[in-house]
Amino acid sequence: MENILQELNDKQREAVIKTEGPLMVVAGAGSGKTRVLTYRIAYLLQNGVDPFHILSLTFTNKAAREMKGRIGKLVGWSGARSLWMGTFHSIFARILRIESNHLGFPSNFTIYDTDDSKSLMKSIVKSQNLDPKIYLASFVLSRISSAKNNLISVKAYKENTELTNQDKSTGRPQIAMLYELYQRKLFQSAAMDFDDLLFKINVLFRDHPSVLHKYQQKFKYILVDEYQDTNFSQYLIVKKLAANNENVCVVGDDAQSIYAFRGANIENIINFQKDYPSLVTVKLEQNYRSTQNIVNAANTVIHNNKSQIFKKVWTENPIGEKIKLLRASSDREEGNMVAHQIFQDHRNEQVALDAFAVLYRTNAQSRSIEEALRKLNLPYRIFGGLSFYKRKEIKDLLAYFRLSINLTDEEALKRIINYPARGIGKTTLDKIQIASAKNAIPIWEVLMQINDLSLEINSGTRNRLKEFANMISSFRAQMSKLNAYDLAQEIGKSTGLLSELYKDKTPEGVGRFENIEELMSGIKEFVESEVTETELHEQKLRTLDEYMQDIALLTDADENDKDDKPKVSLMTIHQAKGLEFPFVHIVGVEENLFPSMMSLQSRADLEEERRLFYVALTRAERKVSISYAETRYKWGKLDFCEPSRFIDEIEEQYMDMPRKPNFTFDNRSKTMGGGIRIKARTVSEKPKRTSYKKIESTTSNVVNRPTSSHQASNPDDIQIGMQVEHQRFGKGEVLQMEGVGSNKKAKVKFKDGTKQLILRFARLRVV
DNA sequence: AGTGATCAGATTTTT
DNA sequence: TCTGATCACT
């Protein structure tokens, strides 16, 4: 293990051993960024730094888990497990729970997800008699979110004339007021939304210097991954925590900044440079992931962006194949083309299906790909879309858990007070909510005092309300006595939720029941998962509220696939961040889709889309295909599409252009949709690129698939005993086959003698 | 109060 | 196309 430094290149090593003082690592795509982070932490541990003193902030919890695993392998598990490693949100939620009393929150506060926030905002808009079409919950929340990300409090918002004038000019002068009510309601419900987790940590550190000091002492070494995607709120947290020791290392790549839309701020990189005059910057520019062709193509794309840190990403990897451009007449055909390509590569190159990824701009595009893959019996795993934890049945059950843990969680209460149906309808709920507002008590308190408050609720309904409250109270009483799984089962049964779902025998209903089963087995896993030694000593139960804390910030990206069969991965490019695949298919590369229509207004937005395209390209190790469709169904309507300007931005020497099956060179420039491309060019205001005819002359240094003009057969179709034809040697018979994938060889008897041929090069044709 | 039918709105990306 | 919200009917 003392050799760990030898497994690094000079730049990587420099970044690893400079443990003291501020360090910024500008890491090009595929340059071993994760490796640097991992080894840096291992190196710290190896040099006697206590793991409790290291804080490592990652982009997903899964990334943290994997990194912990690798560090464990390098320097032993005992050190690795005690590291503070996770996303900003999960780490600081943990700290907020510890310090919640300083903020007037209980430690078991609820974390509202986007749906909860939305439903809360809707009810606030309604309560203020504002037009929900003008005060669209999603719009109001996005204003509030960006305010919070920039640490603008309710008070500051009201005083900020720029913001309030913006709101007035868009006809929504009441947003500041809604912000206030929203925060008030969250507080009353003992809840925080995602942005609050970071905002309130800032408040905590600002108002309680002793608490800040405690964590400054604790986190002597701080590492931040994906720094380009942090927002101002996150930036300030890091700055404050690092203020004492200044042992802070941030790693990022401005070219891969793709979250500006949700408040990420590239300026953080510049601010970081200003904050620490003694900053050392290390640039990692050697790419170990992709072929030269991919690296070069990606470089030509990203150079169209104005704002970027100078960096030259290069690689010593083989040149590799050109990027294949696929043109499809429809989204459906696009799916088929991609699926067939995957099918062929899977067979020809003898690689498992998890080597393939299909990347798209929007989740809605997955459907046509899924259908095509299903047709070919290619198993796939789809990431994102409707997350497991967002499914109705899951949210319903979790709402029971949430309410039992936090009785003031109103979104949870409203969700389940009449599910499964127990005769507590809208009218009753309205009355209760009015009583809650009038007496300034939580809804739960109204239920508790139902007999004392003079409410016009008939005795039957009144009893049902009491029964409901008693039921929740009994769950609550068992919270610390039963383990999470037993209590979850109890809740599922006595609420009637399990039997309700079980009754439904439609395929969807069965699916819902299975989802609940899956959740239950997840809880069981949690209960049985390893406990720390002290917990084991104390015979400590793993309770339901601990479980809820555990999963509150989980996302789909954190989920591991249960069955380990290799599958094709389908995901948005955002989700693909940080991942790599030998074969990547980027689909739907069309104007108004990628770049997205919403991004065409401003240069900054367009550049973000381009960075997104850059991210997509640089996920690939060996082969990339880019595809576009000429027509596509959007909102159930047929849309005509043009190829994306980003396609034009790839220098043609790195591209392999599309063609129709019976294609000859002479009519290529006419038949390949030149008209469409010309239109695309006028949209993109790009200087005209030279003719596409040149393409064939530049392919010589590339291992290309046989082109159609040679009529070569697929190497996989060639079997022993077949009659084949070689361009030079003529006709012959296949005597023997050996090797797999690109190394597949055949012994062929020609009239001039027997030859060993590598099929990849030989371009044999079955006669 | 509960149920079913009809209609509007959404889709850019997510911790 | 799909989801949710609302409305009318029972």
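By convention in this document, chain letters (A, B, ...) are assigned in the order of the sequence lines, proteins followed by strands, and residues within each chain are numbered from 1.
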Do the side chain of Ser189(A) and the main chain of Ala191(A) share a donor and acceptor less than 3.5 angstrom apart?
no

Which of dT15(B), dA5(C), dT13(B) is nearest the side chain of Phe194(A)? It is dT15(B)

Would you jot down, in residue-number order, the residues of residues 135-151 of chain A having a non-hydrogen atom under 4.0 Å from DNA chain B?
Leu136(A)

Side chain of Thr572(A) only, heavy atoms from C-beta on: which candidate in dA5(C), dT14(B), dA1(B) is closest?
dT14(B)

Hey, would you say the Tyr235(A) and Phe272(A) ring centroids sit under 6.0 Å apart?
no

N/O donor-acceptor pairs under 3.5 Å from side chains in residues 125-141 of chain A, not counting sequence neighbours:
from: Ser127(A); atom 1: OG; to: Ile124(A); atom 2: O; distance (Å): 2.7
from: Asp131(A); atom 1: OD1; to: Lys133(A); atom 2: N; distance (Å): 2.8
from: Tyr135(A); atom 1: OH; to: Gln174(A); atom 2: N; distance (Å): 2.9

Determine the contact category for Thr461(A): base if any of its heavy atoms lies under 4.0 Å from a base atom, sugar-phosphate if only primed atoms, P, OP1 or OP2 are that close, otherwise nothing.
nothing

Presence of Asn363(A) side-chain N/O under 4.0 Å of dT11(B) phosphate oxygens OP1/OP2
no

Counting any heavy atom closer than 4.0 Å, what does Tyr259(A) reach on the DNA or RNA strands: base, sugar-phosphate only, or nothing?
sugar-phosphate

Send over the distance from Arg361(A) CZ to dT13(B) P, rounded to a whole Å.
7 Å

It should be established whether Ser596(A) places a side-chain nitrogen or oxygen under 4.0 Å from OP1 or OP2 of nucleotide dT11(B).
no

Checking all strands, does Ser90(A) fall into the base, sugar-phosphate, or nothing category for heavy-atom contacts under 4.0 angstrom?
nothing

